[in-house]
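All heavy atoms count here, side chains included; hydrogens, waters and symmetry mates do not.
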Amino acid sequence: MNGRKQTLGNKSQSVHPLQFNVYFKTWGEEIVTDKKIIVQYTVLTFCIAYLVSGTLIALGQFGFSVHSTVQESLQHLGMNIPFAIYILSPAIASYIVLRKNNKIADFKEWLKTVFYAKNNISLYLFVVAGLTLYFLIHHAISGPTEMVQPFYMFFLALPGNLIIGGLEETGWVYILQPGLEKKYGFVLSSIYVGIIWLLWHIPLFFIPGTGHYEGFIDFWMFAVQLFAFRFLYGVIYKISGKGRVFMCVLCHTMFNAAGPVFGILPMTWAGTIAANTVIVLLSIVTVVIYNKKNRRIA
């Protein structure tokens with residue numbers, strides 16, 4: 001017999017060797033393509049980010065300062081364009097790399113994928129519950145800072161924080177994290193992307209005008225927060241189906257908008273460790289439950 005037998009349940013059917021060759025060739029090409037896209041995306045993101053942020057740091061020596069809060073950004077929109085390009089570097093690189101590798105047809109398709117919001121209500125509740133849990137624990141242990149803003153500012157800040165924050169996820173979870181998860185699994189991919197994400201954020205601590213530069217945010221506590229939220233965004237991506245990118249963008253946007261309203265900054269170790277440990281545990285438990293459920297269905 002020239003073919004090979006492939007068993008499916010109680011049935012067996014002949015499969016020509018050529019079919020195996022085609023399968024393994026396609027599978028191998030997919031791995032190579034994913035690796036190429038991940039490398040291209042990461043390199044381009046950092047080229048844009050470090051070039052622009054380096055320029056801003058250099059200009060800071062001559063008195064230039066960015067306006068990183070949403071209110072200030074609107075008043076000084078023109079001066080803040082370079083800073084916005086730095087923050088949007090993951091999104092810019094995402095579109096360029098996906099388009100170059102024919103993963104999307106055009107900018108319209110990219111936008112449709114990023115803003116696909118027809119998701120189950122339970123996913124939105126999960127996002128809100130996760131963020132609420134984080135802020136409640138932080139608030140209970142650390143208490144708010146003196147920079148608490150009125151609650152209505154949360155809604156006013158959403159559009160600005162979509163640009164200055166949320167759209168980062170169009171690269172981190174659209175390309176980088178799921179690509180690494182295929183090879184390293186959920187936990188290690190979250191850690192690896194956390195390292196990359198931290199390196200991408202470092203210039204914020206040297207750009208005059210940012211809260212990081214002004215000392216409102218402790219670097220190491222901020223690092224712990226970044227790693228924890230890579231777990232959270234990773235699990236949101238994993239469980240959210242077709243709208244996975246949008247759900248991560250939404251969560252990141254809401255987190256950035258809520259921070260000033262609740263006056264929660266990573267400035268005490270007790271609150272930082274407690275709140276972020278809960279986020280990591282919530283994420284891992286959710287992934288375990290999700291995987292078990294999918295195995296039963298399969």
query = Judged by atom type as modelled, is there a donor-acceptor pair below 3.5 Å linking the side chain of D106 to the main-chain atoms of E109?
reply = yes
ask   = Would you find a donor on one side and an acceptor on the other, under 3.5 Å apart, between the side chain of T210 and the backbone of L204?
value = yes
message = Among F46, Y50, W200, exactly one meets ring pair (Phe, Tyr, Trp, His ring centres under 6.0 Å) together with Y86. Which residue is that?
response = W200
query = Ignoring hydrogens and geometry, is there a side-chain-to-backbone donor-acceptor pair from D218 to M221 under 3.5 Å?
reply = yes
Heavy-atom pair with the smallest gap, counting every atom of T268 and T272 = O-OG1, 2.8 Å
inquiry  = Do L281 and F231 make a side-chain contact, defined as non-hydrogen atoms from C-beta onward lying under 4.5 Å apart?
reply    = no
ask   = Would you say F246 has more than 12 foreign heavy atoms packed within less than 6.0 Å of its CZ?
value = yes
message = Under 4.0 Å between a side-chain nitrogen and a carboxylate oxygen: does that hold for E168 and R230?
response = no
inquiry  = Quick check on the hydrophobic clustering: are V261 and L136 connected, directly or via other members, by side-chain heavy-atom contacts under 4.5 Å?
reply    = no
ask   = Does the pair I236 and R244 meet the rule for a side chain to side chain contact (heavy atoms under 4.5 Å, CB included), with working shown?
value = CA-CA 7 Å; I236 291 171; R244 55 177 67 94; over 6 Å; no
ask   = Is there a side chain to side chain contact (heavy atoms under 4.5 Å, CB included) between F126 and I239 once you walk through the steps?
value = CA-CA 10 Å; F126 180 83; I239 69 176; 4.2 Å; yes
query = Do the two ring centres, one from H138 and one from Y134, sit under 6.0 Å apart?
reply = yes
inquiry  = Quick one, F227 with L198, criterion side chain to side chain contact (heavy atoms under 4.5 Å, CB included). Give me CA distance, side-chain angles, the key distance, then yes/no.
reply    = CA-CA 8 Å; F227 279 96; L198 178 61; 4.3 Å; yes
query = Which value, rounded to the nearest 0.5 Å, describes the distance between I207 atom CD1 and E214 atom CD?
reply = 12.0 Å
message = According to a hydrophobic-cluster definition based on side-chain heavy atoms being under 4.5 Å apart (Ile, Leu, Val, Met, Phe, Trp, Tyr only), do L188 and V39 belong together?
response = no
query = Under 30°, 30 to 60°, or over 60°: which ring-plane class applies to Y192 and Y184, parallel, tilted or perpendicular?
reply = perpendicular
request  = Evaluate the side chain to side chain contact (heavy atoms under 4.5 Å, CB included) criterion for residues K238 and E181: first the C-alpha distance (whole Å), next the side-chain angles of each, then the deciding distance (0.1 Å), finally the verdict.
outcome  = CA-CA 10 Å; K238 198 173 185 69; E181 186 175 342; 2.6 Å; yes
key: Y213 ring center near F206 ring center (under 6.0 Å)   = no
ask   = Any side-chain heavy atom of F154 within less than 4.5 Å of one from M254?
value = yes
message = What's the separation between atom CD in Q40 and atom OG1 in T45, rounded to the nearest 0.5 Å?
response = 11.0 Å
request  = Measure across V173 and C248 and return the closest heavy-atom pair with its distance rounded to 0.1 Å.
outcome  = CG2-CB, 3.7 Å
key: In one Ile/Leu/Val/Met/Phe/Trp/Tyr side-chain cluster, 4.5 Å: I81, I48   = yes
task = Report yes or no: does S240 contribute a side-chain atom to a donor-acceptor pair with the main-chain N or O of Y237 at less than 3.5 Å?
result = no
task = Evaluate the side-chain proximity of V245 to E169: yes if any heavy-atom separation is below 4.5 Å, no if none is.
result = no
key: Any T55 side-chain heavy atom under 4.5 Å of P82 side chain   = no
message = What I'd like to find out is whether the side chain of W172 reaches to under 4.5 Å of the side chain of I196, using heavy atoms alone.
response = yes
key: Nearest heavy-atom neighbours spanning T170 and V114   = CG2-CG1, 3.5 Å
message = Would you say that M153 contacts P260 through its side chain, given a criterion of any heavy-atom pair below 4.5 Å between the two side chains?
response = no
remark   = Between L158 and T253, the two heavy atoms sitting closest are O-CG2, 3.3 Å
message = Hydrophobic clusters here meaning ILVMFWY residues chained together by side-chain heavy-atom distances under 4.5 Å, can you tell me if L51 and Y41 are in one?
response = no
query = Should I164 and F115 be regarded as members of a common hydrophobic cluster, given that ILVMFWY residues are connected when their side-chain heavy atoms come within less than 4.5 Å of each other, either directly or indirectly?
reply = yes
inquiry  = Using 0.5 Å steps for rounding, measure from the NE2 atom of H212 to the CD1 atom of I202.
reply    = 11.5 Å
Audit row: F262, H139, ring-ring contact (aromatic ring centres under 6.0 Å, His included) steps and yes/no = CA-CA 8 Å; F262 293 105; H139 192 280; 7.7 Å; no
query = Taking C-beta and beyond as the side chain, do W269 and V224 meet within less than 4.5 Å on heavy atoms?
reply = yes
note = Under a side-chain separation threshold of 4.5 Å, the hydrophobic residues clustered together with V285 are I289
inquiry  = For a quick test of reading the model, state the closest non-hydrogen atom pair linking Y174 to P178 and the distance between them.
reply    = O-CG, 4.0 Å
query = Distance-only, no hydrogens or angles: does the R99 side chain make a donor-acceptor pair with backbone N or O of A105 under 3.5 Å?
reply = yes
task = Measure the spacing between CG of L167 and CG of N161 and express it to the nearest 0.5 Å.
result = 11.0 Å
request  = Find out whether L131 and C251 are in side-chain contact, i.e. whether some heavy atom of one side chain is under 4.5 Å from a heavy atom of the other.
outcome  = yes
Nearest-0.5 Å distance that lies between atom OG in S94 and atom CD1 in I37 = 10.0 Å
remark   = In short, A91 meets W110 closest at the heavy-atom pair O-CZ2, 3.7 Å
key: Distance, nearest 0.5 Å, that separates OH of Y95 from CG of L111   = 9.0 Å
